[in-house]
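Heads up, the thing below is written out as structure tokens.
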Amino acid sequence: MGIYINKGNTAFRQCRNSEYVDKSGLIGIVNRTLFTRQKFTCVTRSRRFGKSMAIEMLAAYYDHSCDSRQLFADLEIAKDPTFEEHLNKYPVIYLDLSSFTRELHKGKVVERMEKELIADIRAAYTNVPVPRGASLMKYLLRIHAATGDTFIFIIDEWDAILRECAQNPKLPNQTDDYVNWLRSMFKDVSGMEVFAGVYITGILPIKKYDTQSALNNFQEYSMVKPGGMGQFFGFTKDEVRTLAGKYGMDFDELEKWYDGYQIGDVKSIFNPNSVMTALREQWCESYWGRTGATDAVADFISRNFDGLKDNIISMLAGERCYVEPIGFRNDMAEINTRDDVLTVLIHLGYLAYDRRTKECYVPNMEVSDELKNAVRDTGWTEVAKSLEQSRMLLDATLRGDASLVARMVQEAHLANASLIKYSDENSMSCVLAIAYYYAHGDYIFHREYQTGTGFADLVMMPRKNVNKPAIIVELKYNGTTGTAIDQIHQRQYPQKVAEYTGDILLVAVSYDKKTKEHQCDIETWHK
């Protein structure tokens, strides 16, 4: 058993000994690419979305130094017609690039990495000498010529060196050396001969260059373009429902915290790491963690390209935002536009992406909390204050304290003047959704909700198992709260909402353009 070659199946065996959700169907997809022009596969997804577990599974399946039949016998791949053909048939080279990023400050990391790989592979092929000064590819070609072996090459965190150099300008820039090494390994004709298949995974897709990609022979699957691999990017709703039942957890709570990602045609994908942590802890909260990535997010959004600040705030309020991801060069060092920032946030998992509408949005409570932390770190003090005060606003609403609600809405309106521009009821409803940010934990928000004979400006429906009244908010721009309350009754808003809930709070908010004063009335409608 080597450090980089023929590592065996110990890592995947530990996965199987733990709670394991069957994602072995991925193997069948990769099997169909082996020994074809499509043998080079790049699958990129956000942190904590199971990248390492996927490659541990692939390594255990292909590695010829071990017997993994029993590890896969009860999994989906065992029913695949390609299962026997490729099971434990290849020497597997397994490289985790993140283990080398700690040495970037020393320089020449690619040279050291290649030397370590050659030394480890040499120990596995003692009868094949290493020519003096030979590169890794030349050595693999010699092994192939002498033994006929073709390799499976797997790289975890393939973009780690690129990301570290981009985020830390004090490090020696070794990206060109690394890209040239990748090209020498996988782009040249030699790679077609030596490798049965190549699978690389990381966070960012392959960088786009002015001419052509250094690795344009790779079939790419990403958070933006997942192809047919959506179900393998995280946990599906059915998988989480089964886990919730097994562990006695509230599925609706898991859904609120960790669902919301749309990966291609799969509309409901959960963050797998957070789900598993919540099951172990028997508690739902943010397990994202304050990482360097969060610091990078704060830096990106603080640049405020083309009104980016307004987009981030509106998405925290539950809105969606159009994004054009095609221009992003897949390089954190080249963030030059609003669309670049939104696209990198999608790849990092801070935003979800609907490919059909080209819209991004905040997927769930966990990510919302982390984005709120990023907003606080940007120095957007007015926005951060509004978000922090939202708990008080919800409490005041539930108590029926109309005067406090009016004062806090007015403060939120003033704090977010750049976003709403005091223009109309639609912009005011967006500000209200921001002001009631904390309520997302217990309520599902609906703006312009069809009720009775009209559309309510904002309806907050209590989530399942939440014992709180629904809230209907009607806004009047240069009108009175009495007119707003009358409209709620005349258009029979409560009757429609009552089909899904119990008692309802009717909240009327008015805004006077001249005085910039806000008024509020609150009534309780009993079912």
Presence of salt bridge, Arg112 and Glu116, under 4.0 angstrom: no
Is the gap between the ring centers of Tyr258 and Phe270 under 6.0 Å? no
Return the orientation label for the Phe195 and Phe151 ring planes: parallel under 30°, perpendicular over 60°, tilted otherwise. perpendicular
Would Tyr199 and Phe40 count as a close aromatic pair, with their ring centres under 6.0 Å? no
Output yes when Asp252 and Lys256 qualify as a salt bridge under the 4.0 Å nitrogen-oxygen rule, no when they do not. no
Decide if the gap between the ring center of His440 and the ring center of Phe445 is smaller than 6.0 angstrom. yes
Pair Phe49 and Phe232, ring centroids less than 6.0 Å apart: no
Charged N to carboxylate O below 4.0 Å: is that the case for Glu334 and Lys207? yes
Find the distance between CG (Asp156) and CG (Leu58) and round it off to the nearest 0.5 Å. 11.0 Å
Indicate yes or no: at least one non-hydrogen side-chain atom of Cys15 is less than 4.5 angstrom from one of Glu56. yes
Could you tell me how the ring of Tyr4 sits relative to the ring of Phe100: parallel (under 30°), tilted (30 to 60°) or perpendicular (over 60°)? parallel
Arg356 bridged to Asp354 by N-O distance under 4.0 Å: yes
Output yes when Lys246 and Glu19 qualify as a salt bridge under the 4.0 Å nitrogen-oxygen rule, no when they do not. yes
When you measure from the centre of the six-membered ring of Tyr94, is the NZ or CZ of Lys7 under 6.0 Å away and within 45° of the axis? yes
Strictly by modelled atom types, are Asn6 and Ser65 linked by a side-chain donor-acceptor pair under 3.5 Å? no
Quick check: Tyr350 with Trp288 (ring centres under 6.0 Å apart)? yes
When the aromatic ring centroids of Tyr261 and Tyr353 are compared, is their separation below 6.0 Å? no
Could you walk me through whether Arg47 and Glu157 pass salt bridge (Lys or Arg N to Asp or Glu O under 4.0 Å), step by step? CA-CA 10 Å; Arg47 282 186 174 91; Glu157 300 290 353; over 6 Å; no
Evaluation steps, side chain to side chain donor-acceptor pair (under 3.5 Å), between Asp339 and Thr337: CA-CA 5 Å; Asp339 284 339; Thr337 68; 5.3 Å; no
